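Note that this is a predicted model, so its numbers are computed, not measured. Proteins come first, then strands; the chains are lettered A, B, ... in the order of their sequence lines, and each starts at number 1.
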Protein chains: 2
Amino acid sequence: MDERDIRLLKAISDLGTGSPERLNEETDIPVSTIHYRLNNLQESGIIQNDLYDLDLEEVGLDVTVLVQLSTDYHGTHHDFEETILEVEGVSQAYFTMGQTDFVVIAHLPDRELVERLITDLERIDEVRSTNSTFVVSTLRHSTRAFESYELETLLSEFTAE
Amino acid sequence: MDERDIRLLKAISDLGTGSPERLNEETDIPVSTIHYRLNNLQESGIIQNDLYDLDLEEVGLDVTVLVQLSTDYHGTHHDFEETILEVEGVSQAYFTMGQTDFVVIAHLPDRELVERLITDLERIDEVRSTNSTFVVSTLRHSTRAFESYELETLLSEFTAE
DNA sequence: AATGAAATCGACCAGCA
DNA sequence: TGCTGGTCGATTTCATT
């Protein structure tokens with residue numbers, strides 16, 4: 001994976017499309033080269049399917065951490081939520097009921113970036129404390145929520161009889 | 001969203017492709033109808049981009065819970081992990097360091113299915129106890145890990161100088 | 001390994017039954 | 001809804017660097 005591959009994958013994430021033409025507009029990489037690159041990325045297992053899901057291990061984002069945030073936040077500052085989402089590596093962020101107020105899940109390339117993540121989060125004014133948990137192994141990391149359901153369950157849930 | 005839409009979305013998740021031809025093979029819905037349906041689903045916001053990311057709220061999976069599992073598991077039974085993944089609704093599952101052994105994230109259609117999720121999890125032999133946290137609001141639910149990074153960070157992390 | 005050109009194939013849209 | 005035909009983009013192949 002070199003600079004061009006990174007640019008491609010980043011463009012796919014940002015644009016939400018795998019269209020070679022659109023990717024060419026964004027990256028100025030020639031269309032035929034985009035094909036060539038994407039093929040290689042698929043064959044090497046970095047890209048998993050037609051929907052361009054990334055293999056986090058293969059792509060090098062193999063450190064996953066769960067961070068619980070205790071905050072002085074009371075639902076007033078919309079800016080605060082924005083600030084959390086600006087921290088690099090934050091893939092998911094939930095405002096929760098119970099003891100801790102936020103839970104953040106981040107996928108990072110190495111320990112160094114973990115340090116930076118925690119630092120960035122603790123630097124936020126409203127954040128009182130953080131509590132990090134390292135993930136030892138990922139059993140499933142799915143963005144396709146329907147995957148985990150049986151068709152029958154979906155049908156009975158989402159259609160009127 | 002009727003039965004056909006559900007079948008389509010489920011097929012997209014399972015097959016990992018949005019190819020109308022492939023979807024036709026799987027679902028027997030005519031190709032032109034697949035176009036028609038997918039267009040409608042995009043316009044109504046259920047599908048968010050060319051990569052067929054679902055809007056969980058729109059699709060009706062608007063209840064998110066984080067479940068921490070304490071277990072008697074010591075890395076021996078591969079079957080145990082399988083069992084966790086068979087529970088409907090489990091989108092992500094991590095084996096973690098620290099107090100609790102597993103963390104599961106599930107996206108569900110209603111409280112009833114939450115009940116069933118917890119029941120299913122607690123029914124597993126190795127599971128000693130569960131601790132659930134409801135998500136009040138989702139700030140970000142991203143499956144595209146590169147989204148949260150600046151291009152510059154990715155380049156400096158993943159390319160040798 | 002990367003690119004461009006040419007040819008083919010599938011995706012998509014419009015209009016009609 | 002579903003079908004048909006035409007247009008356009010996506011993809012493959014091949015020749016060139």
Student: Are B:Phe80 and B:Phe95, when compared by the centres of their aromatic rings, separated by less than 6.0 Å?
Tutor: no
Student: How large an angle, rounded to 10°, do the end axes of the helix from C:dA1-D:dT17 to C:dA17-D:dT1 enclose when each is built from five base pairs?
Tutor: 30°
Student: What nucleotide among C:dC12, C:dT3, C:dC13 has an atom nearest to a side-chain atom of B:Asn39?
Tutor: C:dC13
Student: Whole Å only: how far is the NE2 atom of B:His35 from the C1' atom of C:dC12?
Tutor: 5 Å
Student: Rounded to the nearest Å, what distance is computed from the CD atom of residue B:Gln42 to the P atom of nucleotide C:dA11?
Tutor: 15 Å
Student: So is B:Arg111 actually on top of B:Phe134's ring, under 6.0 Å and inside 45° of the axis?
Tutor: yes
Student: Rounded to the Å, how far apart are B:Glu25 CD and C:dG10 P?
Tutor: 11 Å
Student: Specify the separation, in whole Å, of atom CD1 of A:Ile29 and atom P of C:dT3.
Tutor: 8 Å
Student: What is the separation between atom CG on B:Leu38 and atom C1' on C:dC13, rounded to the nearest whole Å?
Tutor: 14 Å
Student: Below 30° counts as parallel, above 60° as perpendicular, anything between as tilted: where do the rings of B:His107 and B:His141 land?
Tutor: perpendicular
Student: So, B:Ser142 versus B:Glu147: side-chain donor-acceptor pair below 3.5 Å or not?
Tutor: yes
Student: Atom OH of B:Tyr36 to atom C1' of C:dG15: distance rounded to whole Å?
Tutor: 15 Å
Student: Strictly below 4.0 Å, N to O, side chains only: are B:Arg7 and B:Asp2 in salt-bridge contact?
Tutor: no
Student: For a 4.0 angstrom threshold against heavy atoms of chain B, report the outermost contacting nucleotides of DNA chain D in 5' to 3' order.
Tutor: D:dT1 to D:dC3
Student: Per the salt bridge (Lys or Arg N to Asp or Glu O under 4.0 Å) rule, what does the pair list look like for residues 53-79 of chain A, sequence neighbours excluded?
Tutor: A:Asp53-A:Arg144, A:Asp53-B:Arg144, A:Asp72-A:Arg128
Student: Round to a whole Å and report the spacing from CD of A:Glu43 to P of C:dA1.
Tutor: 11 Å
Student: Rounded to whole Å, how long is the line connecting atom CD of B:Glu21 with atom P of C:dA11?
Tutor: 5 Å
Student: Do any side-chain nitrogens or oxygens of A:Arg4 fall under 4.0 Å of OP1 or OP2 in C:dT3?
Tutor: yes
Student: Heavy atoms only, 4.0 Å cut-off, all strands: where does B:Arg37 land among base, sugar-phosphate and nothing?
Tutor: sugar-phosphate
Student: Is the shortest side-chain N/O distance from A:Thr33 to OP1 or OP2 of C:dT3 below 4.0 Å?
Tutor: yes
Student: Rounded to the nearest 0.5 Å, what separates atom CG in B:Leu23 from atom CG in B:Leu8?
Tutor: 6.0 Å
Student: Spell out, as yes or no, whether a donor-acceptor pair under 3.5 Å connects the side chain of B:Asp110 to the backbone of B:Leu113.
Tutor: yes
Student: Check whether any side-chain heavy atom of B:Tyr94 lies under 4.5 Å from a side-chain heavy atom of B:Asp101, and answer yes or no.
Tutor: no
